[in-house]
Amino acid sequence: MADGSYRRQGNAPAPDAARVDAIHDGWQDDQADTFAEPARAAAVEKIERALAAARTGDLTEAHAQLTHARSVLEGLRPEALEPRRGLAGLFDSRKRRLKAFRAAYARAAATVDEVGRELTGWIEGVGRRSGALETVWTEARDAVIDLDAHLAAAARRLTGHTPAEDSEPHPLEARKAALDACRDAAVSALPLIRNAQNADVRFADLLRPCAEGAAAWRDEWKDALGLSGRKPKKIRPDRERLLAVRDDLLARIDRALTGIAGARDRRASVETRLAEARNGL
């Protein structure tokens with residue numbers, strides 16, 4: 001990519017001529033091994049920051065929390081409100097069952113509310129992380145531009161230099177090769193940073209319906225069970241209403257769980273490739 005193809009794609013401007021001249025004119029023969037070290041170190045640091053931002057356990061945590069919430073919701077069966085028939089129902093009653101079901105709902109609602117708060121936190125975290133990754137992307141692109149300027153100056157310095165067969169190559173040759181490798185790694189990190197941002201957006205899109213559905217489920221069941229405002233004297237919860245709201249939330253969770261599994265694979269791929277880019281330097 002050091003041949004300028006990246007610039008021809010319209011993703012990075014050509015090095016500033018005055019900047020290249022300044023670097024070339026500041027050349028010192030005894031510093032070939034450390035030529036452009038600040039530029040190289042800056043590029044490496046940007047790759048490391050991108051890797052650190054991409055390495056987050058929120059997908060795994062969200063999957064675990066949603067799985068737990070699903071288990072809790074699935075355990076709430078509205079048919080439990082109906083007294084048993086026959087002899088078994090002699091010592092059973094709707095009032096007793098409603099009281100027990102309300103208690104079970106209260107415990108489940110506390111769990112689902114906690115998961116909902118976690119979901120909201122992760123959604124907000126996606127926004128913050130996306131902003132951080134955008135900053136890293138911009139700085140990594142700028143690091144590529146700076147490396148381009150140093151590579152152009154190095155190429156100018158090496159122009160016309162052809163060592164004899166029995167002599168050592170110019171010390172700048174090896175350094176330029178190392179800078180080329182660093183530049184290639186930084187360039188490869190740019191689309192990976194975008195991939196990490198896209199995975200985060202998908203993650204937030206999966207969580208948002210669950211958070212909204214959790215709030216709707218809590219309020220609907222609270223109202224249906226006579227726990228909102230003044231309690232009516234006689235309560236006969238609508239079984240179909242309870243099931244419809246619960247099943248809607250379960251469906252949202254199932255879609256999120258499926259999507260998170262795919263997002264986790266994509267995020268792992270980004271992490272692996274960023275780590276490879278960094279470890280190769």
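Computed from a prediction, not measured in an experiment: that's the story for all the values here.
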For [X] and [Y], which heavy atoms make the closest approach, and how far apart are they?
X	Y	answer
Lys46	Val136	O-CG1, 3.4 Å
Val112	Ala214	CG1-CB, 3.6 Å
Leu59	Ile260	O-CG2, 3.6 Å
Pro15	Ala149	CB-CA, 3.8 Å
Ala53	Arg129	O-CD, 3.1 Å
Ala153	Ile23	CB-CG2, 3.5 Å

[X] with [Y]: basic N within carboxylate O range, under 4.0 Å:
X	Y	answer
Arg175	Asp33	no
Glu74	Arg70	yes
Arg194	Glu134	yes
Asp200	Arg267	yes
Arg241	Asp223	yes
Glu173	Lys176	no

I'd like to check [X] versus [Y] (side-chain heavy atoms, cut-off strictly below 4.5 Å). Are they in contact?
X	Y	value
Arg96	Lys99	no
Glu139	Arg49	yes
Ser71	Leu73	no

**OP:** Give me the ring orientation class for Phe203 and Trp122: parallel if the planes are under 30° apart, tilted from 30 to 60°, perpendicular past 60°.
**Re:** tilted
**OP:** Ignoring hydrogens and angles, tell me if any N or O in the side chain of Thr258 forms a donor-acceptor pair with the backbone of Asp254 under 3.5 Å.
**Re:** yes
Original post:
Distance under 6.0 Å and angle within 45° of the ring axis: does Arg246 meet both against Trp221?
Top reply: no
**OP:** Apply the test salt bridge (charged side-chain N to carboxylate O under 4.0 Å, His left out) to residues Asp247 and Arg252: give CA-CA distance (whole Å), side-chain angles for both, the deciding distance (0.1 Å), then the verdict.
**Re:** CA-CA 9 Å; Asp247 290 349; Arg252 292 172 185 236; over 6 Å; no
